[in-house]
Amino acid sequence: MNRFRTTGLPASIRGTLPTYLDASVTPPSHRPRLLLVDDEPRVLASLQEMLKGCGYAISTAASGNEALACLAEQRFDLVLLDLLMMDVDGHEVMDFINQHDIKTDVIVVSGTVGIDSAIGALKRGAHDYLRKPFSREELLRTVDNALRQRDLQQTNRRMVAALALSEKKYRYLVDASPDMIYMLGHEGRFTYVNDRACQMLGYEREELLGQHYTALLHAEDHERALYVFNERRVGERASRDVELRVTCRAGQQHTHDAADTSVMTISLNAIGMHREKRDPHTPTYVGTYGIARDVSARKRAEAVIHHQAYHDILTDLPNRVLFKDRLGLAMLQARRKRTELAVMFIDLDRFKLVNDTLGHGHGDKLLQQVAQRLKDCLRKGDTLARQGGDEFTIVLPDLRSRDDARVVADKFIERLQQPFDLEGNEVHISASIGVAIYPEHGESIDELLRNADIAMYRVKDLGKNGHAFYDPSMHDALHQNVALEQHLRRALERNELEMYYQPQIDAASGRIIGAEALMRWNHPVRGLIMPGEFLPFAEESGLIVPISEWMIDTLCRDMAQWGTDGADQLTLSLNLSPHYLDHSKFFETMRNALERYDIGPGRIAVEITENICIRNPQYAIEQLKKLGQLGVSVAIDDFGTGYSSLAYLHRFPIHTIKIDQSFVQQISDEDGHYPVVLAIISISRGLNLDLVAEGVETEVQARYLRAHGCSTMQGFLFHRPMPLGGFVNVLNS
């Protein structure tokens, strides 16, 4: 019968039980603590004497209850326990030890000869059983064996605990890894996958285990993967950073729709696993250990960067780098097949006007729409590229004849002439297209592009909106233009520029009331050159600024030389470039010239094209108001040919509008109806502006204009432009 319970222990013992019972394993490097338990004092003293001097820390208990109290309060490595005690016997003490999981070993020291007592002790976990009487050597040997075995068991428990902790850490690190970690058997089937692999691939672990690796591979990567997933090498020779494509279930984890798959790119490292046989030099291959990282985002980023490096961001067309590469390949194919190809250079006409008028945002949208229209006209094997700005290039391989390129160019022109809708703004543009044929017009990439560009500029010179094939004579003309520009730079220094004057008359009286100043270039070789031929070069090169300043100075100087009566009543108009009007020194230059030659500002009229009003309206208003404050009047030249808004005529300090000669030349019948001319005359009346018709060459034109209210005219019918001397003679006659 069990004669004790923990609830029956003294309160002092019960209070210490939790701390004691939860104590951890005793470290191995300590002085062994022994508890000697016997209710016979002589036996207890004898045991203590035999163990004395052996390096043990010895405690004694003279009864079972005293032993229980010691066990509850202290930790012991070994208990030497008598079985037969009056209060609590040894079996009950061992039951107490087992019930409370006290980490101590027990050696039973008993004088009883009954086999049942020994069996009962061993069943309760006693390490050994010493029967009284025993020798000191036997006792010491038994105690030493028990303590050694205890140390071994504790060391083993620590190793097992460390191994379990290590495995727990390993599993945590493996499952928490951002990479996929797997193991394959020697047949190539998955024997282990971590949680990350399941998450990224979209499969349950049970679905992957036992599955052959080829079930996940992209079909095109099977052959290359054979050497990675069946990797047998180790160390530095193992596979590293091999990129493969695998199929995974798209969407969230644990999706079981097998048809819903996507492709993921992984970077994989693999190493062989081997088990040694008796001969360590011939280990047995047992499988593969591998780590894979999802590099799909990096591959997509690389693809985007690569695409942007070779494509125009705005239109998504190939850029000049990719275009040259494709042109080079097309030339190689044409050389092998002995066929021709065409290179086109396209420049949009009037694009800058749209950009300046509606803004760069609308200009970008226009370029995108142009790119789409051009693409719609091409074959699958043709290449359309954007060179930059409003310039496009095209390569047309496998030409059957030159007419193929001509047909495509005509399609381009036809499609681009159709109106463009830019957020409610209807815009019309055209294009100038130059064409060069390989190998006739060049056998290198740069030569073909240069010659196509030359042909395009030839179209520009001829009035734009068309196409032309390269011809060697164009190259000569280009050289002439380059030489012309170089000579123009020296024309100012050599005093080769001259001002001509075309009188403006009152048609009713025939009296000269003004004149328009026109510039001519007395070229030492080519003779008299009209401004339409050299001013475009001046605009492009920036020479228009010093040339315009020369014009202002010369005009005021010539006016100061007039000695004719009534000449101080004439108004002299000067047509200035919009580029020069944007120049910050324009107003100061005009004012200084008037002061230097003592010319009244009211005798000067500055003619501007109507497009100046929409390039930068606010700046134009400021500049023209300064002129008005100075006393200089402003006229709009070529009215009706541009994009001016009638609202601008109210905002700008404009005094005169001029009917462009293209409208005047349409007048062929005095009784005819010419609505544009009539509309301009009506506008001038409504806004109380002066009106001048230019380019009047026939009496019919003069009578029609006079009959409808326009009395101030200039043109060959009255006078041609003439140098200063001739103009003074006309005034004096």
Side-chain angles (χ1 to χ4, degrees), residues 491 495-536 538 547-548 550-552 554-559 561-567 569-577 603-609 635-641 656-668 677 690-706 710-733:
N495 199 28
E496 295 173 359
L497 300 179
E498 182 180 1
M499 294 301 294
Y500 274 52
Y501 300 93
Q502 184 174 30
Q504 297 173 344
I505 61 97
D506 177 61
S509 64
R511 181 172 58 88
I512 296 177
I513 59 175
E516 179 179 359
L518 303 168
M519 184 168 51
R520 299 291 186 265
W521 179 9
N522 292 307
H523 193 275
V525 177
R526 297 180 54 187
L528 199 64
I529 300 178
M530 296 297 168
E533 188 173 350
F534 64 85
L535 282 183
I547 288 177
S548 297
W550 174 88
M551 291 173 62
I552 293 174
T554 302
L555 177 66
C556 293
R557 184 196 63 197
D558 289 352
M559 293 181 71
Q561 295 178 2
W562 296 351
T564 306
D565 293 338
Q569 302 299 318
L570 300 180
T571 300
L572 199 59
S573 61
L574 177 67
N575 200 320
L576 292 179
S577 163
R603 299 177 60 190
I604 299 290
V606 172
E607 293 188 9
I608 61 173
T609 58
I636 293 185
D637 191 22
D638 304 333
F639 186 80
T641 61
T656 305
I657 56 177
K658 299 184 72 174
I659 304 176
D660 185 67
Q661 61 181 346
S662 62
F663 302 128
V664 173
Q665 290 172 358
Q666 296 175 8
I667 301 173
S668 57
V677 174
D690 294 333
L691 182 65
V692 178
E694 56 185 1
V696 180
E697 298 181 355
T698 67
E699 288 289 350
V700 171
Q701 295 168 352
R703 286 194 295 270
Y704 183 88
L705 291 167
R706 189 166 52 247
C710 177
S711 59
T712 304
M713 308 176 195
Q714 70 181 75
F716 289 178
L717 176 63
F718 309 105
H719 298 281
R720 292 178 178 271
M722 61 193 74
L724 176 62
F727 181 61
V728 171
N729 291 334
V730 170
L731 291 178
N732 290 329
S733 61

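Rounded to the nearest 0.5 Å, atoms CE (Met499) and CZ (Arg557) are 10.0 Å apart. Within the model, atoms OG1 of Thr698 and CG of Leu717 stand 7.0 Å from one another, a figure rounded to the nearest 0.5 Å. The distance from atom CE of Met713 to atom CD1 of Ile659, rounded to the nearest 0.5 Å, is 8.5 Å. Here the straight-line distance linking atom CD1 of Ile505 with atom CD1 of Ile513 works out to 7.5 Å at 0.5 Å rounding. Atom CE of Met519 sits about 6.5 Å away from atom CH2 of Trp550, to the nearest 0.5 Å. Here the straight-line distance linking atom CG of Leu576 with atom CD1 of Ile552 works out to 5.0 Å at 0.5 Å rounding.
Nearest heavy-atom pair, Phe534 versus Met530, reported as atom, atom and distance to 0.1 Å: CD2-O, 3.2 Å. In this structure, Val664 and Gly695 approach most closely via the heavy-atom pair CG1-O, 3.9 Å. Across all their heavy atoms, Met551 and Leu574 have their closest contact at CE-CD1, 3.3 Å. The minimum heavy-atom distance between Cys710 and Val692, with the atom names listed, is SG-C, 4.5 Å. Between Ile529 and Glu533, the closest heavy-atom pair is CG2-OE1, 3.6 Å.
Screening residues 512-524 for salt bridge (Lys or Arg N to Asp or Glu O under 4.0 Å) gives Glu516-Lys658 as the qualifying pairs, with residues at least two apart or on separate chains. The stretch residues 502-512 participates, sequence neighbours left out, in these side-chain hydrogen bond (donor to acceptor under 3.5 Å, both in side chains) pairs: Gln502-Gln714, Gln504-Gln714, Asp506-Ser509.
Every residue two or more places apart in sequence or in another chain that forms a side-chain contact (heavy atoms from CB on, under 4.5 Å) with Leu572 is listed here: Tyr501, Ala515, Leu555, Met559, Trp562. For Ala538, the side-chain contact (heavy atoms from CB on, under 4.5 Å) partners at least two apart in sequence or on another chain are Leu488, Leu535, Leu543, Ile544, Ile547. Residues meeting the side-chain contact (heavy atoms from CB on, under 4.5 Å) test with Gln665, sequence neighbours left out: Gln661, Glu697.
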Output a table of donor-acceptor pairs, distance under 3.5 Å, between side-chain atoms of residues 718-730 and any protein atom two or more places apart or on a different chain; print 'none' if there are none.
unit_1: Asn729; atom_1: ND2; unit_2: Gly725; atom_2: O; d: 3.3

Start with the C-alpha gap between Leu528 and Asn522, add the side-chain angles, then the distance that decides, and say whether side-chain contact (heavy atoms from CB on, under 4.5 Å) holds. CA-CA 5 Å; Leu528 199 64; Asn522 292 307; 3.0 Å; yes
Start with the C-alpha gap between Thr712 and Thr656, add the side-chain angles, then the distance that decides, and say whether side-chain contact (heavy atoms from CB on, under 4.5 Å) holds. CA-CA 11 Å; Thr712 304; Thr656 305; over 6 Å; no
Could you go through Ile657 and Leu691, starting from their C-alpha distance and side-chain angles, then the distance that decides it, and tell me whether this counts as side-chain contact (heavy atoms from CB on, under 4.5 Å)? CA-CA 5 Å; Ile657 56 177; Leu691 182 65; 3.7 Å; yes
